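Quick caveat, the model's predicted, so the values are computed rather than measured.
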Amino acid sequence: MTERASWSLADRINFLFSVTRDPNGRQYSNEQIAAAIRTTGVAISQSYIWQLRKNKKTNPTLRHLQALADFFRVPVSYFFDDCIADRLEPVISRFEATVTDSQIRLIVLRTEQLSEERRRQVLEFLDVISRLEQAERRGFLPEVATSQRQGS
């Protein structure tokens, strides 16, 4: 394990804030996250999030932790399991640094939960779509698509 094992809850929440960006590429504010969480039916304020981040509140409810985990797309165990935090934080850092498009981020996050076989199928599907789009950009379709259009 790394030095992250000694991180407090506040440290872990602040890490997620530091590497996650809103659709405009800026770090989320406490209010933005509180507002997003409230839309899920969980009552939370920006000041409560501020207190968690400043280590003023150290024993949040599971409901609040789950809401934060859902917002940041991490398992709730991230907040108290050092092994999971050690495994996730480098991945989150690299991912957030390189992927700024929210649709790409969503594709990656959903694919991450699939089995190896299903991931392979997704990659094959994306390869087909990519080849079709490249053909469209060049002004022609692959022979298969052309023959299907002509009814052969």
Side-chain angles (χ1 to χ4, degrees), residues 1-137 142 144-145:
M1 279 191 237
T2 67
E3 71 224 20
R4 290 184 181 121
S6 63
W7 280 14
S8 67
L9 174 63
D11 293 330
R12 292 181 187 199
I13 293 171
N14 284 320
F15 170 79
L16 293 172
F17 268 86
S18 74
V19 297
T20 307
R21 298 288 178 254
D22 71 12
N24 297 317
R26 292 184 296 253
Q27 187 173 324
Y28 280 99
S29 68
N30 295 337
E31 180 53 43
Q32 285 175 298
I33 292 177
I37 290 172
R38 284 192 301 267
T39 66
T40 68
V42 176
I44 194 167
S45 67
Q46 66 86 24
S47 62
Y48 185 74
I49 293 174
W50 177 86
Q51 290 172 332
L52 289 173
R53 294 183 69 191
K54 296 296 182 184
N55 216 21
K56 306 271 185 212
K57 296 275 185 189
T58 58
N59 192 20
T61 66
L62 179 58
R63 189 168 185 196
H64 285 136
L65 282 180
Q66 185 64 61
L68 286 166
D70 290 345
F71 179 85
F72 288 111
R73 297 185 201 106
V74 296
V76 72
S77 55
Y78 162 80
F79 294 115
F80 43 86
D81 186 323
D82 296 336
C83 292
I84 289 175
D86 279 349
R87 222 178 58 215
L88 282 178
E89 286 167 355
V91 173
I92 293 168
S93 293
R94 283 192 313 273
F95 180 67
E96 291 294 336
T98 58
V99 180
T100 56
D101 184 302
S102 61
Q103 289 180 326
I104 294 172
R105 185 177 299 137
L106 185 58
I107 291 167
V108 170
L109 289 169
R110 286 189 180 162
T111 305
E112 180 182 52
Q113 299 169 3
L114 300 176
S115 67
E116 284 299 316
E117 174 63 20
R118 295 292 186 230
R119 286 182 193 174
R120 187 187 57 72
Q121 290 173 339
V122 168
L123 287 172
E124 289 172 1
F125 183 67
L126 287 173
D127 189 47
V128 169
I129 292 171
S130 176
R131 282 184 275 145
L132 284 171
E133 184 159 314
Q134 289 173 7
E136 288 173 358
R137 287 181 185 163
V144 173

| Between L16 and F71, does a side chain to side chain contact (heavy atoms under 4.5 Å, CB included) hold up when you go through it step by step? | CA-CA 10 Å; L16 293 172; F71 179 85; over 6 Å; no
| side chain to side chain contact (heavy atoms under 4.5 Å, CB included) assessment of V128 paired with R131 | CA-CA 5 Å; V128 169; R131 282 184 275 145; 3.6 Å; yes
| message | Run L68 and I13 through side chain to side chain contact (heavy atoms under 4.5 Å, CB included) and show every step you take. | response | CA-CA 8 Å; L68 286 166; I13 293 171; 4.1 Å; yes
| said: Determine whether D82 and W7 satisfy the following criterion, side chain to side chain contact (heavy atoms under 4.5 Å, CB included), listing intermediate values before the conclusion. | reply: CA-CA 9 Å; D82 296 336; W7 280 14; over 6 Å; no
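Side-chain atoms of Q121 and R118 include a donor-acceptor pair closer than 3.5 Å. No hydrogens or angles considered: nothing links the side chains of S130 and D127 as a donor-acceptor pair under 3.5 Å.
The nearest pair of heavy atoms linking F79 to L65 is CE1-O, 3.5 Å. Annotation for A10 and L52: closest pair CB-O, 3.2 Å, computed over non-hydrogen atoms. Closest approach of W50 and K56 over heavy atoms only: CH2-CE, 4.1 Å. In terms of heavy atoms, P75 sits closest to A69 at C-CB, 4.0 Å. Nearest heavy-atom pair, R53 versus N14, reported as atom, atom and distance to 0.1 Å: NE-OD1, 2.6 Å. Heavy atoms only, all atoms of each residue included: L9 and T58 are closest at CD2-O, 4.4 Å.
Note that the OH atom of Y28 and the CD1 atom of I49 stand 12.5 Å from one another [nearest 0.5 Å]. Between the CG atom of D11 and the CG atom of N55 there is a distance of 7.5 Å, given to the nearest 0.5 Å. Between the CZ atom of R21 and the CD atom of Q27 there is a distance of 5.0 Å, given to the nearest 0.5 Å. Within the model, atoms OG1 of T61 and CD of Q66 stand 10.5 Å from one another, a figure rounded to the nearest 0.5 Å.
The pair E116-R120 does not meet the salt-bridge criterion, since no charged nitrogen lies less than 4.0 angstrom from a carboxylate oxygen.
Between H64 and Y48, the angle of the ring planes lies from 30° to 60°, which puts this pair in the tilted group.
Taking the side chain to side chain donor-acceptor pair (under 3.5 Å) definition, one finds that D81 meets it with nothing, sequence neighbours left out.
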